[in-house]
There are 2 protein chains.
Amino acid sequence: MVTKEKKMPSEDLAYAGILKLIYERKFSPGDFLQEEYLSHILGMSRTPINRALSKMNIEGLLERKKKKGCFIPVVTLRDGRKLFTLRAMIEGQVAWEAAQSCTSPLMDRLCEINRQDQKALKDRDDGRYYMANRDFHFLLAESANNRYLERVSKQLFHQASIYIFFYDSFYTSTKKSAIYTPEQHEVILQCIKDRNADAARVAMEEHIIHTMKMFGSVD
Amino acid sequence: MVTKEKKMPSEDLAYAGILKLIYERKFSPGDFLQEEYLSHILGMSRTPINRALSKMNIEGLLERKKKKGCFIPVVTLRDGRKLFTLRAMIEGQVAWEAAQSCTSPLMDRLCEINRQDQKALKDRDDGRYYMANRDFHFLLAESANNRYLERVSKQLFHQASIYIFFYDSFYTSTKKSAIYTPEQHEVILQCIKDRNADAARVAMEEHIIHTMKMFGSVD
DNA sequence: CCATGCATATATGCATACATAAAAGAATGG
DNA sequence: CCATTCTTTTATGTATGCATATATGCATGG
């Protein structure tokens, strides 16, 4: 056979599937995610669904009440500002450390991802744009060569997605917040390429705060 | 009946039980934690054990290999320094925010915990000392009134425990690193009481770095 | 004697049945 | 007519049996 499709574990499929449902806006803040329903939709038993939901809960993507189930978090703009302020701090540190330890092949991949980002934005393909943006922040987190910082950075990104998916779309346009993203990413990459760690930190902090202001300015 | 024991969910009992086994040093770095063995020891089925292990894995307390199981992480001093540097940053921020939002009743509880801390240290009761120390950092994390910062702070504390439990005992004495802890906690509390956020941050950063240096100075 | 392939053992991944707790609704008493 | 309590409903929590992937050891061939 030509295709070398490795059979993915059901738990991972469940995680990806539920995440997909969330960012296709099949649920709203406060909505209840029933295990049986999800297991029916995704074509598997409750076990991997439950484990995926647990993971999302611990990562902060979902609220969970004992013996009740999982819910899409109802978040306030005030909380959102706290999250993005923390993200600015953490991802600023990521950029700072990446500027010191990032290798050339990683830089190339980051540039490539940023090109895809730009292309998806041009094509107005929201799904691909989200993926490329996520890939950029995740690969940068990995480039910092610090397992603890990487984990925290990825988790905060996931949590921020809740705001991007819901809040942002209610008050402003996603496109508005995205339109300057690729060029800001470009600036960050240039600082890292120059091994200017302090500048990389500042550029990243500004990028995160800019993203926050897109939905944080409405209350 | 006098005691109002609410029946704890098995998953929580499993989590607490496994954590207890870890900090009673029943396992060493690299050791394999077999689900069936744990379910036998803790007197429950594999299901809650598996869920507790998943939680610990996501929190970074355990390594997990697909279709293999969970292991006590094998960590290096180099990684340890990265972790404690990050903790200094995060808990410094916790202290800073707590200094602005901490209420009087919380302050009283923090002082009370610190007294227990001191007492446990005097009695050379390692278990109670660990619990009191954990309670101090956790309650402070809650005092910051920032759900995201709280989550990150608690997770990093858990991960740091791995170093405290294993590394520290191999090279130095636990008592040595603990002996100045209550008075450092006292300084932090005083800064918070004075609403001096910047001083609270510095005091906390120094406290974390001090803890790190107890085992970070041997390589 | 070493390398490669296969068989077997073992522990996790998954599916399913049942137990249990929380919430909603009905019935009864004030 | 409202409040309280009991019943019923419903979805999660837990236990268990089977499927499956990984690793180990043995056998066989070069």
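Treat the numbers as computed from the prediction; the structure is a model and nothing was measured. Side chains included, hydrogens not; waters and symmetry mates left out as well; all remaining heavy atoms used. Numbers restart at 1 for each chain; the letters A, B, ... are given by sequence-line order, proteins then strands.
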Strictly by modelled atom types, are B:Q93 and B:E97 linked by a side-chain donor-acceptor pair under 3.5 Å? yes

Close approaches to DNA chain C from residues 46-56 of chain B, in residue order (heavy atom, under 4.0 Å): B:R46, B:N50

For the residue pair B:K119 and B:R128, establish whether any side-chain heavy-atom pair is separated by less than 4.5 Å. yes

Does anything in residues 37-62 of chain A form a ring-ring contact (aromatic ring centres under 6.0 Å, His included)? List the pairs, not counting sequence neighbours. none

How bent is the helix from C:dC1-D:dG30 to C:dG30-D:dC1, measuring the angle between the end axes built from five pairs each, rounded to 10°? 10°

Who are the ring pair (Phe, Tyr, Trp, His ring centres under 6.0 Å) partners of B:H158, not counting sequence neighbours? B:F138

Show which side-chain atoms of residues 62-75 of chain A pair as donor or acceptor with protein atoms under 3.5 Å away, not counting sequence neighbours.
residue	atom	partner	partner atom	Å
A:E63	OE2	B:R147	NH2	2.4
A:R64	NH1	A:S54	OG	2.9
A:K66	NZ	B:D12	OD1	3.2

Does a donor on one side chain and an acceptor on the other come within less than 3.5 Å for A:Q155 and A:Q159? no

Determine, for A:Y148 and A:R151, whether the Lys NZ or Arg CZ falls below 6.0 Å from the six-membered ring centre while staying within 45 degrees of the axis. no

Write down the protein N/O and nucleotide N/O pairs, taken from nucleotides 19-22 of chain C, whose separation is under 3.5 Å; answer none if there are no such pairs.
residue	atom	partner	partner atom	Å
C:dT20	O2	A:K67	NZ	2.9

Taking DNA chain C as the partner, which of residues 33-42 of chain A come within under 4.0 angstrom of it by heavy atom? none

Can you name the salt bridge (Lys or Arg N to Asp or Glu O under 4.0 Å) partners of B:E205, sequence neighbours left out? none

Side-chain heavy atoms of B:T211 within contact of B:Y163, under 4.5 Å: no

Name the first nucleotide and the last nucleotide along DNA chain D (5' to 3') that come under 4.0 Å of a heavy atom in chain B. D:dG13 to D:dA23

Taking salt bridge (Lys or Arg N to Asp or Glu O under 4.0 Å) as the cut-off, I'd like each qualifying pair that reaches into residues 36-62 of chain B, sequence neighbours left out, listed once. B:E11-B:R51, B:E35-B:R46

State which residues pass ring pair (Phe, Tyr, Trp, His ring centres under 6.0 Å) with A:Y15; sequence neighbours excluded, sorted by chain then number. none

If you count every heavy atom of other residues, nucleotides or ligands that lies below 6.0 Å from B:M131 atom CE, does the total exceed 12? no

Once ring pair (Phe, Tyr, Trp, His ring centres under 6.0 Å) is applied, do any residues pair with A:Y130, and if so which ones, sequence neighbours excluded? A:Y23, A:F165

Any side-chain heavy atom of B:I192 sitting closer than 4.5 Å to one from B:L140? yes

Taking the nucleotide of DNA chain C with the nearest heavy atom to each, does A:M44 or B:G69 sit closer to the 5' end? B:G69

Take atom CZ in A:R109; do more than 12 heavy atoms of anything else shown fall under 6.0 Å from it? no

